[in-house]
Amino acid sequence: MARFITELKRTHSCGELTKADIGKDVVLFGWVNNRRDHGGAVFIDLRDREGLTQVVFEADVRPEVHELAGDLRLEFCVGIRGTVVSRGGNANPKLRTGEIEVHATELTIFNRSEPTPFPIEDKVETSEEKRLQFRYLDLRRAPLQKTLMTRARVNHLTRNYFSERGFLELETPFMVKYTPGGARNFLVPSRLNPGKFYALAESPQLFKQLYMMSGFDRYFQIVRCFRDEDLRLDRQPEFTQIDVEMSFVEQNDVFDVIEGLVCKLWKEILGVELPRPFQRMPYAESMAKYGNDKPDLRFDMPHVVLTDIVKAHGGGGVPLMHEAVQAKGIVKAIRVPASAGFSRTDIEKLEEYVKGMGAKGLARAKIAENGEWTQSPLAKNITPEMRAAINAACGAQPGDLLLFQFGKENMVHTVMANLRVHLAKKMGLIPEYGSGGSWRYLWVVDPPLFEYDEESKTWAAAHHAFTRPHDEDLPYLETDPGRVNCYRYDLVLNGFELGGGSIRLHDPAVQARVFKAMGISDEEARVKFGFLLDALKMGAPPHGGIALGMDRTVMLLTGAESLRDVVAWPKTQKGTDLMTGAPGDVDLKQLREVYVKSTFEPQK
RNA sequence: GGGGUGUUAGUUAAGUCGGUUAUAACGCCGGCCUGUCACGCCGGAGGCCAGGGGUUCGAGUCCCCUACACCCCGCCA
């Protein structure tokens with residue numbers, strides 16, 4: 001008997017043998033995916049990352065091999081040697097290797113397996129809790145293997161794409177100085193500097209800009225970023241970005257490079273030709289029509305802004321709407337076509353849904369033949385004039401349903417944005433993964449540079465303080481900061497923000513005016529960003545860049561339903577790792593060593 | 001910080017109006033079987049019904065609390 005691995009090297013994967021290989025003597029390694037023991041003949045589906053191959057052990061050919069094969073159970077790790085044979089009339093069309101099978105002449109069991117805590121099957125049939133606890137088993141499942149293999153390809157294609165175009169792959173520190181504002185940072189105590197802390201980088205932002213100031217001209221990095229914020233379906237505390245920065249460019253140059261990358265990924269991995277250039281939409285339009293800056297354009301159903309109509313009619317007999325606009329709130333509607341056929345129960349469920357997002361209720365009206373409203377608490381009081389104006393603005397037809405939301409701007413936007421997507425799902429307007437027309441790329445452009453912070457009564461950077469304002473808006477920096485728009489852009493796909501970036505401020509004089517508008521003193525700016533401000537003063541080139549969410553890109557590319565399905569070792573919603581138990585306890589001695597004292601008192 | 005959904009053999013689920021021995025399938029163990037591919041047949045083991053408290057003659061089932069997982073709001077430039 002020849003020995004596996006030392007003498008018998010693997011000749012093929014479990015996914016590649018075809019009719020062309022019939023007659024070959026092959027060696028395969030893998031896991032027992034399934035067994036069918038017929039006594040005199042034992043059938044095994046052998047699995048590796050490439051696929052499945054049926055292996056047959058027959059009693060009258062190699063009795064000792066057949067006997068050992070009787071011991072095989074699910075997930076045993078084995079090596080086999082055998083001859084590739086045609087399956088003739090017994091071919092299995094469901095299997096890529098279904099036309100052949102391997103008649104085993106030798107078998108070794110590298111390792112037996114206890115019964116696994118859940119079956120290793122394509123379809124998930126266990127709780128996410130169990131899957132994460134035994135993630136190494138979960139990852140044996142073919143869909144996850146395929147996803148991570150795709151992820152590796154995205155990495156590879158991205159590196160090639162940028163390298164071919166003169167971008168340098170340069171690294172940036174993870175352990176950085178804490179700067180206030182933006183995402184909450186994970187903190188790392190410094191043993192050598194008592195009482196001081198590093199922050200884990202939430203992005204390489206400042207360093208990549210400094211690379212430009214150093215003259216590296218074009219930079220990219222596939223880089224891990226860390227943010228200590230609450231998790232979501234599409235948010236993990238550590239995630240990967242495709243980070244890019246370029247000197248001597250305007251917005252369109254960045255778009256061009258990124259569209260090229262995305263098109264290459266979609267072409268190479270899915271065989272899909274995306275139309276270029278991608279659609280562009282002003283931020284203000286996106287907010288008005290969709291309630292957020294990441295609209296899903298695979299379906300229509302836009303919001304209708306009714307604020308001005310309500311104002312013009314002095315409330316139109318609807319006190320709640322009147323109050324809303326008086327208090328600087330907004331009024332919006334969505335028209336649900338009669339074809340949706342929503343029942344009262346359906347609408348009540350919708351009301352529950354929006355209440356979960358901070359809405360007080362869900363005002364609605366069904367449109368009668370004569371344009372009057374029915375099934376509506378508003379119907380009695382509203383003036384016919386305002387009703388007609390709203391009907392016209394919404395394009396409401398008899399049988400249609402109008403859903404309203406009014407109040408504080410942020411709440412109305414959030415509720416209506418989520419409601420729009422929720423309705424589309426309910427109505428089946430969103431195409432299945434992989435079907436035609438399912439890739440709606442969009443650049444959302446020209447957002448305001450500042451947003452007003454009600455709490456502190458100041459203007460704050462809507463994104464970060466180093467975004468270049470539109471030249472024509474510069475005069476308003478001092479007089480009306482709210483109307484200053486900037487060269488900031490988000491790349492959106494099917495309702496997900498895939499990435500964002502900006503053309504940066506490289507002019508120290510304008511930078512100073514921006515800080516002033518935000519009420520940040522020279523002193524404060526020096527403390528926070530002194531090194532960057534200095535760098536700006538010493539020949540900083542015009543530059544701009546972008547960061548793409550690598551995980552989200554792979555998620556959409558593969559049709560995965562959760563970011564956790566494209567991250568090999570993800571955290572739970574509470575940020576824990578169910579497999580390793582991280583984050584874990586440390587003892588007092590370790591804490592003293594880094595000069596940290598915990599105020600947490602564990603319950604006894 | 002807030003709202004919602006869930007937790008029953010190893011796994012996936014069923015469990016009626018609160019009623020006495022908590023079912024089934026897959027997996028596991030033993031036996032049989034040479035053309036299966038969701039192989040089949042016979043037999044068997046396997047349960048702190050997430051944890052704690054309460055209501056009740058009686059709780060998997062009703063109530064409260066806690067834990068964990070998931071979804072959403074806030075948060076995430």
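These numbers come from the heavy atoms of this one structure, side chains and all, not from hydrogens, waters or symmetry mates.
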Could you list the residues that satisfy salt bridge (charged side-chain N to carboxylate O under 4.0 Å, His left out) with [X], not counting sequence neighbours?
X: A/Glu121; value: none
X: A/Asp293; value: none
X: A/Lys425; value: none
X: A/Lys528; value: A/Glu524

A/Glu409, A/His413, A/Gln405 screened by side-chain hydrogen bond (donor to acceptor under 3.5 Å, both in side chains) with A/Lys332, the one that passes: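 That would be A/His413.
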
Any [X] side-chain N or O less than 4.0 Å from OP1/OP2 of [N]:
X: A/Thr126; N: B/U12; answer: yes
X: A/Arg36; N: B/C39; answer: yes
X: A/Lys94; N: B/C37; answer: no

Have a look at [X] and say if it touches a base, only the backbone sugar-phosphate, or nothing, with a 4.0 Å heavy-atom cut-off.
X: A/His103; answer: base
X: A/Gly182; answer: sugar-phosphate
X: A/Gln236; answer: nothing

Non-neighbouring partners of A/Phe207 that pass side chain to side chain contact (heavy atoms under 4.5 Å, CB included), sequence neighbours left out: A/Thr172, A/Pro173, A/Val176

Of A/Glu58 and A/His464, the one whose closest RNA chain B nucleotide lies more 5':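 It is A/Glu58, whose closest nucleotide lies nearer the 5' terminus.
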
Parallel, tilted or perpendicular: ring planes of A/Tyr353 versus A/His422, cut at 30 and 60 degrees: parallel

Partners meeting ring-ring contact (aromatic ring centres under 6.0 Å, His included) with A/Tyr489 (sequence neighbours left out):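 Testing A/Tyr489 for ring-ring contact (aromatic ring centres under 6.0 Å, His included), a comparison that skips the adjacent residues, returns A/Phe255.
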
With A/Phe404 via ring-ring contact (aromatic ring centres under 6.0 Å, His included) - residues at least two apart: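 In terms of ring-ring contact (aromatic ring centres under 6.0 Å, His included), with neighbours along the sequence ignored, A/Phe404 is linked to A/Trp373.
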
A/Glu75 and its salt bridge (Lys or Arg N to Asp or Glu O under 4.0 Å) partner, picked from A/Arg112, A/Arg141, A/Arg35, A/Arg47: A/Arg47

Interatomic distance where CZ belongs to A/Phe186 and C1' belongs to B/C76 [whole Å]: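 So the CZ-C1' distance, A/Phe186 to B/C76, works out to 12 Å.
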
Interatomic distance where NZ belongs to A/Lys360 and P belongs to B/G3 [whole Å]: 17 Å

Proximity to RNA chain B (any heavy atom under 4.0 Å), residues of residues 204-212 of chain A only: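 Correct list: A/Gln205.
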
Residues from residues 41-50 of chain A lying under 4.0 Å of RNA chain B - heavy atoms: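 Result for residues 41-50 of chain A: A/Ala41, A/Phe43, sorted by number.
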
Aromatic ring of A/His38 stacked on base six-ring of B/U36, 5.5 Å, 30°: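 No.
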
A/Arg235 (side chain) and B/C75 (base): donor-acceptor pair under 3.5 Å: yes

Under 3.5 Å, which donor-acceptor pairs link side chains of residues 82-94 of chain A to any protein atom two or more places apart or in another chain?
{"unit_1": "A/Ser86", "atom_1": "OG", "unit_2": "A/Gly88", "atom_2": "N", "d": "3.0"}
{"unit_1": "A/Asn92", "atom_1": "OD1", "unit_2": "A/Lys94", "atom_2": "N", "d": "2.9"}

Please write out the pairs of protein N or O atoms and N or O atoms of nucleotides 26-32 of chain B separated by less than 3.5 Å, giving the distance to one decimal.
{"unit_1": "B/C29", "atom_1": "OP2", "unit_2": "A/Arg73", "atom_2": "NE", "d": "2.8"}

Summary of protein contacts for nucleotides 65-73 of chain B, nucleotide by nucleotide, where a base hit scores B, a sugar-phosphate-only hit scores S (4.0 Å, heavy atoms): ---SSBBSB

A/Tyr178 ring center within less than 6.0 Å of A/Tyr198 ring center: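 No, the ring of A/Tyr198 stays outside the 6.0 Å limit from the ring of A/Tyr178, centre to centre.
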
A/Tyr290 ring center within less than 6.0 Å of A/His303 ring center: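 No, the ring of A/His303 stays outside the 6.0 Å limit from the ring of A/Tyr290, centre to centre.
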
Residue that, paired with A/Val354, satisfies side chain to side chain contact (heavy atoms under 4.5 Å, CB included) out of A/Leu419, A/Leu403, A/Thr414, A/Asn418: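 Of the listed options, the one satisfying the test is A/Leu419.
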
